[in-house]
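All remarks here apply to the structure that follows.
These numbers come from a predicted model, not from an experiment. Throughout, residue positions are numbered sequentially from 1 according to the sequence presented.
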Amino acid sequence: MNTFEFNKFAGAFLAALLATTVIGFVGNFLVSPKKLDKPAYVVEGIAVKQDAAPVAAEAKIEPIAPLLAAANAEAGKAAAKPCAACHTFDKGGKNGVGPNLWNVVGGPKAHTQGFSYSAAMQAAAQKAGVDGTWGYEQLSHFLANPKGYLPGTKMAFAGVRKPEDRANLVAYLRTLADNPKPLP
């Protein structure tokens, strides 16, 4: 292959690249899509970023106590598999990105020593009574929408939407203790 043929191929390639770039810019200029105010189709389990202030979605979360009677801890263990990416569940286990969850049910918020909790979680742990502990309802609300329940938390998780799945997960977390907390 001589240099003249190489120049022809290189010129053709550059011309095609230039043509597709120009067509892309012209197409974007001619067609400007409108941004939707809300998604046209909501995918369950995916959090939607909202520019407005958070709406009080906490009122819509049904009580977990009646669901715990029929909850299945084994199903909760299966539901906890995605949690294992950040948390450990064994007694005396190491902290990961998130704290170890042994003995979390009924324990104080920010319960794991040596873990760097967010300021919001530390402030929640200082509250008196049930507001400072991980009771069944508190866990359910947190697992449904961590950032909505505790703004400022480091937990980057969209939440568990189905109440039955949350009840199973809480039932499994309840078993992670030497003396599990009695059911409500």
Side-chain angles (χ1 to χ4, degrees), residues 42-50 54-184:
V42 178
V43 178
E44 188 174 320
I46 303 295
V48 177
K49 183 179 177 184
Q50 298 178 357
V55 181
E58 294 299 315
K60 295 179 183 177
I61 297 175
E62 65 183 77
I64 195 169
L67 298 172
L68 284 173
N72 182 342
E74 286 301 314
K77 184 175 183 178
K81 288 187 189 261
C83 306
C86 298
H87 298 280
T88 58
F89 301 98
D90 50 332
K91 183 176 183 176
K94 292 183 178 181
N95 294 323
V97 174
N100 177 281
L101 296 179
W102 180 263
N103 206 25
V104 69
V105 177
K109 294 179 180 172
H111 71 285
T112 303
Q113 298 296 325
F115 184 76
S116 177
Y117 287 99
S118 65
M121 186 64 77
Q122 291 174 7
Q126 298 301 317
K127 293 181 180 178
V130 295
D131 290 334
T133 61
W134 284 122
Y136 292 113
E137 293 300 330
Q138 290 79 14
L139 272 171
S140 176
H141 285 259
F142 184 74
L143 291 172
N145 183 2
K147 298 228 184 253
Y149 177 76
L150 191 62
T153 185
K154 290 180 185 177
M155 187 162 155
F157 177 65
V160 180
R161 299 290 175 235
K162 292 183 179 178
E164 296 80 16
D165 292 344
R166 276 196 316 276
N168 291 338
L169 187 56
V170 170
Y172 169 64
L173 291 174
R174 176 185 172 267
T175 66
L176 302 177
D178 292 326
N179 297 314
K181 182 179 176 185
L183 290 171

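Taking every heavy atom of both residues into account, Ala120 and Pro151 meet most closely at CB-O, 3.3 Å. Nearest heavy-atom pair, Leu67 versus Pro163, reported as atom, atom and distance to 0.1 Å: CD1-CB, 3.5 Å. When every heavy atom of Ser140 is checked against every heavy atom of Ile64, the shortest pair comes out as CB-CD1, 3.7 Å. Residues Thr153 and Met121 come closest through the heavy atom pair OG1-CE, 4.4 Å.
A heavy-atom distance below 4.5 Å is found between the side chains of Phe89 and Leu173. Looking only at side-chain heavy atoms (C-beta outward), Arg166 and Ile61 come within less than 4.5 Å of each other.
Listed by first then second residue, pairs satisfying salt bridge (charged side-chain N to carboxylate O under 4.0 Å, His left out) with a partner in residues 135-158 number zero, not counting sequence neighbours. Within the structure, the ring-ring contact (aromatic ring centres under 6.0 Å, His included) test picks out no pair touching residues 62-88 (sequence neighbours left out).
The ring-ring contact (aromatic ring centres under 6.0 Å, His included) test applied to Phe157 returns no partner, not counting sequence neighbours.
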Which atom pairs, one a donor and one an acceptor, fall under 3.5 Å between side chains of residues 70-80 and the rest of the protein, sequence neighbours left out?
residue	atom	partner	partner atom	Å
Asn72	OD1	Glu74	N	2.8
Asn72	OD1	Ala75	N	3.3

Determine all donor-acceptor pairs shorter than 3.5 Å in which one atom belongs to a side chain in residues 103-112; sequence neighbours excluded.
residue	atom	partner	partner atom	Å
Lys109	NZ	Asp131	O	3.0
Lys109	NZ	Tyr149	OH	2.9
His111	NE2	Asn100	O	3.1
Thr112	OG1	Asn100	O	3.2

Could you pull out all donor-acceptor pairs under 3.5 Å where a side-chain atom in residues 175-184 meets a protein atom, sequence neighbours excluded?
residue	atom	partner	partner atom	Å
Thr175	OG1	Tyr172	O	2.5
Asp178	OD1	Lys91	NZ	3.2
Asp178	OD2	Lys91	NZ	2.7

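Once rounded to the nearest 0.5 Å, the distance linking CD of Gln122 with CZ of Phe115 reads 10.5 Å. Note that the CG atom of Leu139 and the CG atom of Leu101 stand 9.0 Å from one another [nearest 0.5 Å].
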